[in-house]
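Remarks on the structure that follows.
Order of appearance sets the numbers: ligands from 1, and atoms from 1 within every ligand. The structure presented is a predicted model; accordingly, all values stated were derived computationally and were not measured.
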Amino acid sequence: MSSSWDDVYQGTPPWDIGRPQPEFVRLEEAGEIDGSVLDAGCGTGENAIFLSSHAHEVLGIDGSPRAIEKARAKARKAGSRATFQVANALDLAKLGRVFDTVIDSGLFHVFSDQERPRFVESLGHVLRPGGRYLMMCFSELEPGEWGPRRVSQAEIRSVFKDAWEVEEIRPARFAAKEAQLGAGEARAWLAIIRRGR
Ligand code: SAH
């Protein structure tokens with residue numbers, strides 16, 4: 001992955017809001033998150049640390065060493081058992097582990113069209129059969145919103161086929177720092193996708 005991701009973590013990027021994304025908090029409260037969790041593209045670890053505090057065994061991975069350093073420092077400070085590792089989400093087989101759930105808050109939408117199928121293949125190596133991938137990505141662009149890439153429902157469905165079942169794609173909200181975004185949030189999709197058995 002490009003080192004520009006690591007550069008943005010010299011500062012605090014707009015998505016790094018210092019608390020878990022409300023959509024993932026709601027999913028956890030609704031009992032939608034099962035067992036052990038891989039947080040793919042975890043950034044500075046807020047979602048991973050939150051889920052760990054709710055009795056999930058959690059590994060957060062990110063390609064940015066700086067993000068992982070920050071995540072580990074936060075976990076230490078919070079007394080969290082969440083663990084963090086620098087890894088490429090396009091090559092998750094290297095982790096040599098399988099999880100009940102994979103969460104993705106803002107990773108899928110960074111991939112190019114060419115990378116998407118590679119990511120789905122990578123995901124298949126770390127999600128147990130029958131396990132679910134819970135993903136939030138940008139949807140439509142609103143005036144004054146930041147962020148380059150938007151993803152359509154059809155694009156999500158076209159890449160998760162064959163061994164994958166798209167259970168649901170619903171409108172959601174990506175929280176961001178107020179200053180960078182009109183309403184402090186962006187329109188998003190929350191996709192719930194099951195790996196076939
Ligand atoms: N999930 C975090 C960060 C979202 S931003 C949050 O909600 O705050 C997208 C993240 O994906 C960045 O931290 C970036 O470093 C990471 N990333 C981008 N490409 C990656 C890749 N190929 N492998 C692992 N992480 C990647």
query = Between W5 and ligand 1, which part of the residue brings a heavy atom under 4.0 Å of the ligand: side chain, backbone, both or neither?
reply = side chain
query = How far does CD1 of I68 sit from CG of D62, to the nearest 0.5 angstrom?
reply = 5.0 Å
Geometric class of the F108/F160 ring pair [parallel <30°, tilted 30-60°, perpendicular >60°] = tilted
ask   = Is any N or O atom of Q21, backbone or side chain, closer than 3.5 Å to an N or O atom of ligand 1?
value = no
message = Looking at D6, is its backbone amide N or carbonyl O close enough to the side chain of S3 to form a donor-acceptor pair, meaning the two atoms are under 3.5 Å apart?
response = no
query = Is V110 in polar range of ligand 1, meaning some N or O pair under 3.5 Å apart?
reply = no
query = Between S152 and E155, does any side-chain donor sit less than 3.5 Å from a side-chain acceptor?
reply = yes
message = Evaluate D34 against T101 for side chain to side chain donor-acceptor pair (under 3.5 Å), listing each step before the verdict.
response = CA-CA 6 Å; D34 175 49; T101 302; 4.8 Å; no
query = Who are the ring pair (Phe, Tyr, Trp, His ring centres under 6.0 Å) partners of H54, not counting sequence neighbours?
reply = F50
query = Is A67 near ligand 1, meaning one of its heavy atoms is under 4.0 Å from it?
reply = no
message = Show the atoms of ligand 1 that are less than 4.0 angstrom away from any heavy atom in N88.
response = 21 (C), 22 (N), 23 (N)
note = Rounded to the nearest 0.5 angstrom, the CG-OG distance for L59 and S36 is 10.0 Å
task = Indicate yes or no: does an N/O atom of A89 lie under 3.5 Å from an N/O atom of ligand 1?
result = yes
ask   = Does Y9 reach ligand 1 with a nitrogen or oxygen that is under 3.5 Å from one of the ligand's nitrogen or oxygen atoms?
value = yes
task = Give the numbers and elements of all ligand 1 atoms closer than 4.0 Å to a heavy atom of L107.
result = 11 (O), 17 (N), 18 (C), 19 (N), 20 (C), 26 (C)
query = For ligand 1, which atoms, with element, lie under 4.0 Å from some heavy atom of G106?
reply = 5 (S), 9 (C)
message = Side chain, backbone, both or neither: which applies to S105 and ligand 1 if a contact is any heavy-atom pair less than 4.0 Å apart?
response = both
inquiry  = If the cut-off is 4.0 Å to any non-hydrogen atom of N47, which atoms of ligand 1 fall inside it?
reply    = 7 (O)
ask   = Out of S3, A176, G41, who gets a non-hydrogen atom closest to atom 2 (C) of ligand 1?
value = G41
remark   = Going by the 4.0 angstrom heavy-atom rule, the piece of P13 near ligand 1 is neither
inquiry  = Taking 4.0 angstrom as the limit and counting only heavy atoms of A87, give me the atoms of ligand 1 inside it, by number and element.
reply    = 23 (N), 24 (C)
query = With a 3.5 Å cut-off and no angle check, do the side chains of T44 and D16 form a donor-acceptor pair?
reply = yes
task = Find the distance between CZ (R72) and OG (S80) and round it off to the nearest 0.5 Å.
result = 12.5 Å
